[in-house]
Amino acid sequence: MKSGRPDAPPAHDAIRATIAAIPCGRVAAYGEIARRAGLPGRARLVGTVLREAPPALSLPWHRVLRADGRLAFPPGSRAFREQVRRLAGEGVLVRAGRVDLSLHGWERDVDRLLWGPAVPGDRTSARAKTGKRHRATAVRVMNATGRED
DNA sequence: GCCCTGACGTGAA
DNA sequence: ATTCACGCCAGGG
């Protein structure tokens, strides 16, 4: 029995569902999406799926970045600018072609970021020591969280 | 089936 | 911070 569409590989479905689940104001790497979709190591497949995905699905493709936080498109290209635009619309700032994953990364739990114990090697906690930056970060996160649509 | 390509990831130089 | 080389594997020719 085919569940729904015979021409829709389960892997593709899982990937699309995972991408659709990325909350507004957050971003995730290709590799992370593959992992969450139960397909560890298939980062490239995520790219393929996105490329083939019909616009009608309205997947939040702009929330998908490379592992280092940089956009996957060539800087200055049409898609690149569009992605920056969309991200900005959600309060996600792109600087030098990259997004700060410690700030907007999906993998990082927001509550732990604000209230939890400092994680060794976490740049965010290090910056928090300066004080000022910490408050600005908290405000930004709360704004992003409170906004639903 | 072989070969090339790619919206990737990682580690080394 | 940058560049390079590989590893990876699904698609398409």
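In what follows, every heavy atom counts, from backbone to side chain, and hydrogens, waters and symmetry copies are set aside. Lettering follows sequence order; numbering is per chain, from 1.
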> Sequence neighbours excluded, which residues qualify as side chain to side chain contact (heavy atoms under 4.5 Å, CB included) partners of A/Arg35?
Replying inline: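 By the side chain to side chain contact (heavy atoms under 4.5 Å, CB included) rule, A/Arg35 matches A/Glu32, A/Pro40, A/Glu107.
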> Is there a side-chain contact between A/Leu71 and A/Arg98 (heavy atoms, below 4.5 Å)?
Replying inline: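 Heavy-atom side-chain distance check fails, nothing below 4.5 Å.
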> Got A/Ile22 and A/Val64 here, is their nearest side-chain heavy-atom distance under 4.5 Å?
Replying inline: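 When only atoms from C-beta onward are counted, A/Val64 and A/Ile22 do touch, with a gap below 4.5 Å.
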> For A/Arg81, what residues pass the salt bridge (charged side-chain N to carboxylate O under 4.0 Å, His left out) criterion, not counting sequence neighbours?
Replying inline: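 Not a single residue meets the salt bridge (charged side-chain N to carboxylate O under 4.0 Å, His left out) criterion with A/Arg81.
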N/O to N/O distances under 3.5 Å, protein versus nucleotides 9-12 of chain B:
{"residue": "B/dG9", "atom": "OP1", "partner": "A/Gly31", "partner atom": "N", "Å": "3.0"}
{"residue": "B/dG9", "atom": "OP2", "partner": "A/Ala67", "partner atom": "N", "Å": "2.9"}

Distance, rounded to the nearest Å, where [X] contributes [atom1] and [N] contributes [atom2]:
X	N	atom1	atom2	result
A/Arg51	B/dC8	CZ	P	11 Å
A/Ile15	B/dC8	CD1	P	13 Å
A/Arg95	C/dA1	CZ	C1'	14 Å

Nearest 0.5 Å, please: how far is [atom2] in [Y] from [atom1] in [X]?
X	Y	atom1	atom2	answer
A/Arg42	A/Thr48	CZ	OG1	12.0 Å
A/Leu45	A/Tyr30	CG	OH	12.5 Å
A/Ile33	A/Ile15	CD1	CD1	8.5 Å

>> Does either side chain, that of A/Glu90 or that of A/His104, offer a donor lying less than 3.5 Å from an acceptor on the other one?
In response: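 No, because no side-chain N or O of A/Glu90 sits under 3.5 Å from a partner of the opposite role on A/His104.
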Please list, for nucleotides 10-13 of chain C, all pairs of protein and nucleotide N/O atoms separated by less than 3.5 Å.
{"residue": "C/dG11", "atom": "OP1", "partner": "A/His12", "partner atom": "NE2", "Å": "2.5"}

When the side chains of residues 50-60 of chain A are checked against the rest of the protein, which donor-acceptor pairs come out under 3.5 Å, sequence neighbours left out?
none

>> At a heavy-atom distance below 4.0 Å, what parts of residues 69-84 of chain A sit against DNA chain C?
In response: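 Those residues whose heavy atoms fall under 4.0 Å from DNA chain C, taken from residues 69-84 of chain A, amount to none.
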> So, A/Asp68 and A/Arg66, do they make that salt bridge, N to O below 4.0 Å?
Replying inline: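 Not counted as a salt bridge, because no side-chain N and carboxylate O are separated by less than 4.0 Å.
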